[in-house]
Amino acid sequence: MEANGFGPQTFPELKNDTFLRAAWGEDTDYTPVWCMRQAGRYLPEFRETRAAQDFFSTCRSPEACCELTLQPLRRFPLDAAIIFSDILVVPQALGMEVTMVPGKGPSFPEPLREERDLERLRDPAVVASELAYVFQAITLTRQRLAGRVPLIGFAGAPWTLMTYMVEGGSSSTMAHAKCWLYQRPKASHQLLRILTDALVPYLVGQVAAGAQALQLFESHAGHLGPHLFSKFALPYIRDVAKRVKAKLQEAGLAPVPMIIFAKDGHFALEELAQAGYQVVGLDWTVAPEKARERVGKTVTLQGNLDPCALYAPKEEIKWLVQQMLDDFGPQRYIANLGHGLYPDMDPEHVGAFVDAVHTYSRVLRQN
């Protein structure tokens, strides 16, 4: 498969593969660490770069995305980079208008309200070509990373994307979206299938462009109980993994580890561990030892420090990290937060988190 029509990519050799080895379940010399939303507003340089243009224009600029992706790596010895983008570029590529309202978040002026609104959506087959700018950003970033650490690509999972498309923005209850699940189950499945059909080539395209791992964000898992989750979220989460793997093989591309992060989806841990992903991300509400018991030895776990722990003094951050690493154990583990970094966090405290993981995980292995 040709990425961006430029033929197969050649990239500088990877110098630090610790994150990838942990993702595949191989032993590592220390615990790798990265942070969700590590390219974010908590960094003054991020705010400066972003000030020039609106949010989605930034997403459409490969040069800007590359710069934002690399900024946290200049400050911290992170073990992975994650491309700067947004999960809502997929609904956009399907023809929906999305704006980012400062202080409010994403807004869809014309959300999906009726079953017939599905007819407004573009053919999911065109999504990958609509999102060529993401692929270009990935290729550029991969070149500029110069093999320092692996680059992660990502997308939102079907149910989470559906919530935004139906709600028209963020919501504390997801009542509109859940109303669809109960009143229009057929149309809901149709929409979730359209999203899955869009996500598969999009994720494969990211790998073709240079992504070395993929994370699927099911950010709104917690709004569904076990019953709705197993009916409207899990089948599509499974389908994405299965189809992405098959398509990579068909395209002659090497397999990449895939991470599923279902926030507040603790009720489905066992199912997620068997959904075809190498890594299961945990939020901070899950006890690591319990999670490890429940998922067994077959997957790597990622997480799960409460992001708000970074408000604590640096000494306490160190102690909290030690506790977390003790709980997860040294292998089959990638350290992260249980959700993304918040805009008002102190970069020095992020640095303290990263350093504590590296330092203490080496100590753990010596003992």
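Computed from a predicted structure; not experimentally measured.
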Exercise for the section: Flag the pair E114 and R184 as a salt bridge only when some basic side-chain nitrogen lies within less than 4.0 angstrom of an acidic carboxylate oxygen. Expected result: yes
Practice task
Give a yes or no on whether a salt bridge exists between K263 and E218, defined as a side-chain N under 4.0 angstrom from a carboxylate O.
Solution key: no
Exercise for the section: Verify the distance criterion only: is there a donor paired with an acceptor across the side chains of N304 and N336 at less than 3.5 Å? Expected result: no
Practice task
Would you mind checking if R292 and E289 are paired as a salt bridge, meaning a charged N to carboxylate O distance below 4.0 Å?
Solution key: no
Practice task
Look only at the side chain of T18 and the backbone of P32, and say whether a donor-acceptor pair between them is shorter than 3.5 Å.
Solution key: no
Exercise for the section: Mind checking the CG-CG spacing from L282 to L272? Nearest 0.5 Å is all I need. Expected result: 9.5 Å
Problem - No-hydrogen, no-angle side-chain donor-acceptor test under 3.5 Å, Y311 and D346 - result: no
Problem - Q302 side-chain N/O to A23 backbone N/O, donor-acceptor pair under 3.5 Å - result: no
Name each donor-acceptor pair under 3.5 Å that joins a side chain in residues 247-257 to protein atoms two or more places apart or in another chain, with its distance.
none

Exercise for the section: Quickly, which of Y42, W34, F46 forms a side-chain contact (heavy atoms from CB on, under 4.5 Å) with P72? Name it, please. Expected result: Y42
Exercise for the section: Taking the side chain as every heavy atom from C-beta outward, state whether T69 and I82 have any atom pair closer than 4.5 Å. Expected result: no
Practice task
Could you state whether L73 and F353 fall into the same hydrophobic cluster, counting links through intermediate Ile, Leu, Val, Met, Phe, Trp or Tyr residues with side-chain heavy atoms under 4.5 angstrom apart?
Solution key: yes
Handout entry: R75 side chain to Q71 backbone, donor-acceptor under 3.5 Å
Key = no
Handout entry: Side-chain touch I317/H349, heavy atoms, less than 4.5 angstrom
Key = yes
Handout entry: Note, Y277 side chain near V279 side chain (heavy atom, < 4.5 Å)
Key = no
